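Scroll down for the structure; my scribbles are underneath it.
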Amino acid sequence: MSVQEVIKPKVAVQPLTLEDVKEPPLHLYKNKEPYTGTIVSVERLVGPNAPGETCHVVIDHGGNVPYWEGQSYGIIPPGENPKKPGSPNNVRLYSIASTRYGDFFDGKTATLCVRRAVYYDPETGKEDPSRKGVCSNFLCDSKPGDKVQITGPSGKIMLLPEDDPNATHIMIATGTGIAPFRGYLRRMFMESIPTFKFGGLAWLFLGVANKDSLLYDDEFSQYLINYPENFRYDRALSREQQNKSGGKMYVQDKIEEYSDEIFKLLDGGAHIYFCGLKGMMPGIQDTLKRVAEQRGENWDEKLSQLKKNKQWHVEVY
């Protein structure tokens, strides 16, 4: 089959009135008065050899909790707060992994990418159910038709700037940090939006443990076929690949590999985004600082300028 035969046309979305709003929706539903959504589906995203389980959770909000790409929903799991008997559980924030139109392109659903949090006792090596993540397990165990309490949406730092449709966007994710970037990329490459026609470069770096842990790899691989001039995709598989020193391959090693190109793109106004566990940032910052020094640049000054220019976007948890 030739490449031309597998290229998929863009999908029409509705309602296009979602494009008319000039400011992102914020805090439409508060913790004390959440919106009750409905679980549409829960699907395991990872293969059998992935460490841990990550699920793709689609929630029907009926068009009542609109959001923009890069925002988060709060989820209040059922049950009472163990630290405050009689009070509901605390809200947990999850980056939304779909565009404003959702996975069905009708503006009525939102998707979350959720890793099931489990705890293993270091002495026995056995799982301790009493210490598992309350909200992640609730979402991963949900069934179609189950109700879910939603707050938000919240967040402005990870909104996709669309003033220049030909801009460069460098996205660095570890694990479920892929969520906002899946939304960006669907908006850029999957959906037909009359008011936003992306003609720039989107460059995704995804760090996971192994091939079985890759998230949304089929979607991203399709963009490489459809838009080879506009999309680049680099995977860092820590348990399967080695960096140049013979150690495990992490996203910061991939960044270092392409550092000259990345720094030139940043100097040209590219946006750079980081999303994932907060433990990813020190290694990335150290790498960027070392690369800057090798180039004869002061990283602290450069970082300050990137922040001032609103090119630097970080959401870690």
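Since this is a predicted model, take the numbers as computed values, not measurements.
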What class does the angle between the rings of Tyr216 and Phe220 fall in, given that below 30° is parallel, 30 to 60° is tilted and above 60° is perpendicular?
perpendicular
Results of ring-ring contact (aromatic ring centres under 6.0 Å, His included) for [X] - residues two or more places apart only:
X: Phe205; result: Trp203
X: Tyr184; result: Phe181, Tyr273
X: His271; result: His169, His313

Salt bridge (charged side-chain N to carboxylate O under 4.0 Å, His left out) filter on Lys254, not counting sequence neighbours, yields Glu257
Among the clusters formed by ILVMFWY side chains lying less than 4.5 Å apart, do [X] and [Y] turn up in the same one?
X: Leu159; Y: Ile272; answer: no
X: Val11; Y: Leu18; answer: yes
X: Ile157; Y: Val316; answer: no
X: Phe196; Y: Phe105; answer: yes

Pairwise side-chain hydrogen bond (donor to acceptor under 3.5 Å, both in side chains) hits with a residue in residues 275-291, at least two apart
Glu256-Arg290, Gln285-Trp299
Rounded at 0.5 Å granularity, tell me how far [atom1] in [X] sits from [atom2] in [Y].
X: Met171; Y: Leu160; atom1: CE; atom2: CG; result: 8.5 Å
X: Leu306; Y: Leu288; atom1: CG; atom2: CG; result: 9.5 Å
X: Met188; Y: Leu185; atom1: CE; atom2: CG; result: 6.0 Å
X: Met281; Y: Ile172; atom1: CE; atom2: CD1; result: 8.0 Å
X: Thr151; Y: Lys30; atom1: OG1; atom2: NZ; result: 10.0 Å
X: Gln14; Y: Phe104; atom1: CD; atom2: CZ; result: 13.5 Å

Closest non-hydrogen atom pair between [X] and [Y], with its separation:
X: Tyr67; Y: Thr99; answer: OH-O, 2.5 Å
X: Asp106; Y: Pro15; answer: O-CD, 3.6 Å
X: Gly52; Y: Val46; answer: O-CG2, 3.8 Å
X: Glu315; Y: Ser95; answer: OE1-OG, 2.8 Å
X: Asn137; Y: Ala117; answer: ND2-O, 2.9 Å
X: Pro66; Y: His61; answer: N-CE1, 4.4 Å

Test: salt bridge (charged side-chain N to carboxylate O under 4.0 Å, His left out). Region: [range]. Which pairs qualify, not counting sequence neighbours?
range: residues 212-228; result: Arg182-Glu219, Arg186-Glu219, Asp217-Arg235
range: residues 90-99; result: none
range: residues 60-83; result: Glu69-Arg100, Glu69-Arg187
range: residues 135-149; result: Arg116-Asp141

Is it true that Asp253 and Lys248 make a salt bridge, defined as a side-chain N closer than 4.0 Å to a carboxylate O?
no
Give a yes or no on this: more than 12 heavy atoms of other residues, nucleotides or ligands lie within 6.0 Å of atom [atom1] of [X].
X: Lys302; atom1: NZ; result: yes
X: Lys156; atom1: NZ; result: no
X: Arg44; atom1: CZ; result: yes

Closer than 3.5 angstrom, by distance alone: can the side chain of [X] be matched with the main-chain N or O of [Y] as a donor-acceptor pair?
X: Asn210; Y: Asn49; value: yes
X: Ser192; Y: Lys10; value: no
X: Asn89; Y: Pro78; value: yes
X: Asn230; Y: Gly200; value: yes
X: Glu240; Y: Lys211; value: yes
X: Gln311; Y: Leu266; value: yes
X: Ser98; Y: Thr111; value: yes
X: Glu297; Y: Glu293; value: no
X: Lys310; Y: Lys307; value: no

Can you check whether Ser142 reaches Val42 side chain to side chain, under 4.5 Å on heavy atoms?
yes
Do the side chains of Cys113 and Leu215 get nearer than 4.5 Å, heavy atoms only?
yes
Report yes or no: do [X] and [Y] form a side-chain donor-acceptor pair below 3.5 Å?
X: Ser154; Y: Gln71; value: no
X: Asn64; Y: Tyr35; value: yes
X: Tyr250; Y: Asn243; value: no
X: Asp20; Y: Thr17; value: no

Taking side chain to side chain donor-acceptor pair (under 3.5 Å) as the definition, give me every residue that meets it alongside [X], ordered by chain and number, with sequence neighbours left out.
X: Glu261; answer: Arg232
X: Thr174; answer: none
X: Tyr29; answer: none

Which of these, Val40, Thr109, Ile75, sits in a side-chain contact (heavy atoms from CB on, under 4.5 Å) with Ile59?
Ile75
Is it the case that the ring center of Phe231 lies less than 6.0 angstrom away from the ring center of Phe189?
yes
Between Tyr73 and Tyr94, does the ring centre distance come in under 6.0 Å?
no
